[in-house]
Amino acid sequence: MKMKNSEPFVLKVVDKCVKPFLSKDLNYSQVREMLRLKLIMDSRRVSQALQNNGKKIGKEPKKSMILTCLVYMGLGIFIAFMQIMPNMFGANTISFAMLIFMLFSVYISEYSAVLLDTTEKSFYGALPIGKNEISTAKNIHIAYYIGTIAAAMMLPSIVVGFISKGILYGFAFTLVSIVIVVVCLHLAGVIYYLLLKVFSGEKLKDILSGFQIFMTIAIILSYQIVPRVVSIAGFSKGELTFSPFYFFLPSAWFSAILESLFGAGGAWYIYVLAGITVPAVILLEVIYRKKAMPEFEGELDKLTETAKENKTLSAFSNLMCKLLSKDEQENAFMKLVLIQVSRNRDMKLKLYPQLANVFILPIIM
């Protein structure tokens, strides 16, 4: 009964804002019903980030999402201070980098499992529901939560942007933030689609696990690198200093659009970066809509394939076992533990990025 009060609002927003952009070939009533069921199930689920915050939150699932948004809004208040700095390009490059960092982090930790979920296929497979409808409902479901987090995070910056730089800038900043959220969602979808296209069976599961570990480490590293690429010293003077790394930072591409429209401009690389953004976004949307989205659910069937599990250790692992354990019983036990660890993908996703940070972050710092 609790879901009844909040459900109509979410679905009414989807009806007004999302339905007009969907393909006419889709059965929207089926998409809407699946989304309704997903929202009901989510009312019983607590965010991964808040599972360790006590039993009270676990008993009130709605409050977990509210608390999550408040946490991200608190981070957004710090990002909002960037908007009062004179160096618009540098400030927005860091702001958008933090937004992209947080969106990919949340997507990988919380919602990649939702995207790659195959358990509901056994239920929907018995009903006359197309794969496009299932994929669309799944993507709208993920976009709803990622969009809510992004809105909470960027709302303080949007408010400060309206006040400090005017109405036109505020609207432009809001529009660019929305485009970044859509790009992050679609880029993640395309990457997962390509992985599903190339690999299959148990190998695919290992690759997906490795990819998630790699992305987690890469995102953390980029979060540390971006402030070093952008000249913090130039913020107080409003100066722009060129760095070739700008061409490898998507956040710099989007901030260049705002700089070219509302900033001092003049620098050649600002217009080049802004020019890169439009065709890059269009190309991504074409790939996502024409290939990734229509074929994703079909490729997802590969995750249900089984293959012979690897029961042997690598030469390096065998060598470490010999060096660290002299006793035969201890050696056998250590090998058994390593084999079990190699099969536990969830544990590797949580453990390996933290181990990488222990070695990499001190070097960067």
Side-chain angles (χ1 to χ4, degrees), residues 1-48 61-62 64-66 68-69 103 106-151 178 181-193 195-197 208 285 287-305:
M1 295 299 291
K2 283 185 179 180
M3 193 63 195
K4 243 179 181 178
N5 296 327
S6 61
E7 178 194 271
F9 174 75
V10 176
L11 293 177
K12 280 179 182 178
V13 171
V14 174
D15 291 339
K16 298 287 185 184
C17 303
V18 180
K19 185 181 177 181
F21 297 97
L22 297 178
S23 171
K24 292 180 180 178
D25 297 330
L26 287 172
N27 187 330
Y28 180 71
S29 61
Q30 290 182 347
V31 173
R32 194 179 193 276
E33 185 61 21
M34 283 188 284
L35 185 59
R36 187 182 72 84
L37 292 173
K38 288 175 184 291
L39 292 170
I40 291 172
M41 295 303 294
D42 286 342
S43 67
R44 303 166 192 175
R45 173 180 174 270
V46 181
S47 170
Q48 183 72 25
K62 278 187 180 180
S64 68
M65 188 61 188
I66 295 171
T68 300
C69 289
L103 290 183
V106 172
Y107 195 105
I108 289 171
S109 63
E110 297 268 354
Y111 297 105
S112 59
V114 177
L115 183 71
L116 300 171
D117 184 33
T118 57
T119 54
E120 59 186 23
K121 279 182 175 290
S122 58
F123 173 72
Y124 291 130
L127 301 172
I129 301 175
K131 290 181 177 179
N132 284 347
E133 280 76 12
I134 296 173
S135 179
T136 302
K138 189 182 288 185
N139 281 285
I140 293 173
H141 174 228
I142 295 171
Y144 163 64
Y145 287 103
I146 296 290
T148 302
I149 289 170
I178 293 171
V181 175
V182 174
V183 165
C184 288
L185 288 169
H186 290 182
L187 179 60
V190 168
I191 292 171
Y192 278 117
Y193 164 73
L195 291 173
L196 290 168
K197 194 80 175 171
L208 288 173
E285 286 301 305
I287 295 171
Y288 180 78
R289 290 180 180 276
K290 297 292 183 183
K291 292 292 293 180
M293 192 173 178
E295 299 177 14
F296 192 88
E297 287 299 316
E299 296 294 335
L300 203 58
D301 291 335
K302 291 180 178 180
L303 283 176
T304 60
E305 297 174 9

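Only heavy atoms go into these numbers, but all of them, side chains included; no hydrogens, no water, no symmetry mates.
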Asker: Can you list the residues that meet the side chain to side chain contact (heavy atoms under 4.5 Å, CB included) rule with Val18, with sequence neighbours excluded?
Answerer: Val14, Leu22, Ile140
Asker: To the nearest 0.5 Å, what is the distance between CD1 (Ile146) and CG (Leu103)?
Answerer: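 The CG atom of Leu103 is 6.0 Å from CD1 of Ile146, to the nearest 0.5 Å.
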Asker: Working to the nearest 0.5 angstrom, can you tell me the gap between Leu11 CG and Arg32 CZ?
Answerer: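 Nearest 0.5 Å value for the CG-CZ distance: 4.5 Å.
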Asker: Identify, with sequence neighbours excluded, every residue that meets side chain to side chain contact (heavy atoms under 4.5 Å, CB included) alongside Ala188.
Answerer: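 Expected list: Phe104, Tyr107.
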Asker: With rounding to the nearest 0.5 Å, note down the distance linking CD1 in Ile134 to CZ in Phe296.
Answerer: 12.5 Å
Asker: My understanding is that only residues two or more places apart in sequence, or in another chain, count here; which of them pass salt bridge (Lys or Arg N to Asp or Glu O under 4.0 Å) with Glu295?
Answerer: Lys197, Lys291
Asker: May I ask you to test the His141-Lys138 pair for a side-chain heavy-atom distance under 4.5 Å?
Answerer: no
Asker: Would you check if Tyr28 and Thr136 make a side-chain contact, meaning some heavy-atom pair closer than 4.5 Å?
Answerer: no
Asker: Excluding sequence neighbours, so at least two apart, what forms ring-ring contact (aromatic ring centres under 6.0 Å, His included) with Tyr193?
Answerer: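 Once residues adjacent in sequence are excluded, Tyr193 has no partner under the ring-ring contact (aromatic ring centres under 6.0 Å, His included) criterion.
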Asker: Grab the two heavy atoms, one from Gly147 and one from Val181, that are nearest each other, plus how far apart they are.
Answerer: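 Heavy-atom minimum between the residues: CA-CG1, 4.4 Å.
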Asker: If the condition is side chain to side chain contact (heavy atoms under 4.5 Å, CB included), which residues does Tyr288 pass it with, not counting sequence neighbours?
Answerer: Asn139, His186, Val190, Ala292, Met293
Asker: Sequence neighbours excluded, which residues qualify as side chain to side chain contact (heavy atoms under 4.5 Å, CB included) partners of Glu133?
Answerer: Leu26, Asn27, Gln30, Val31, Met34, Ile129
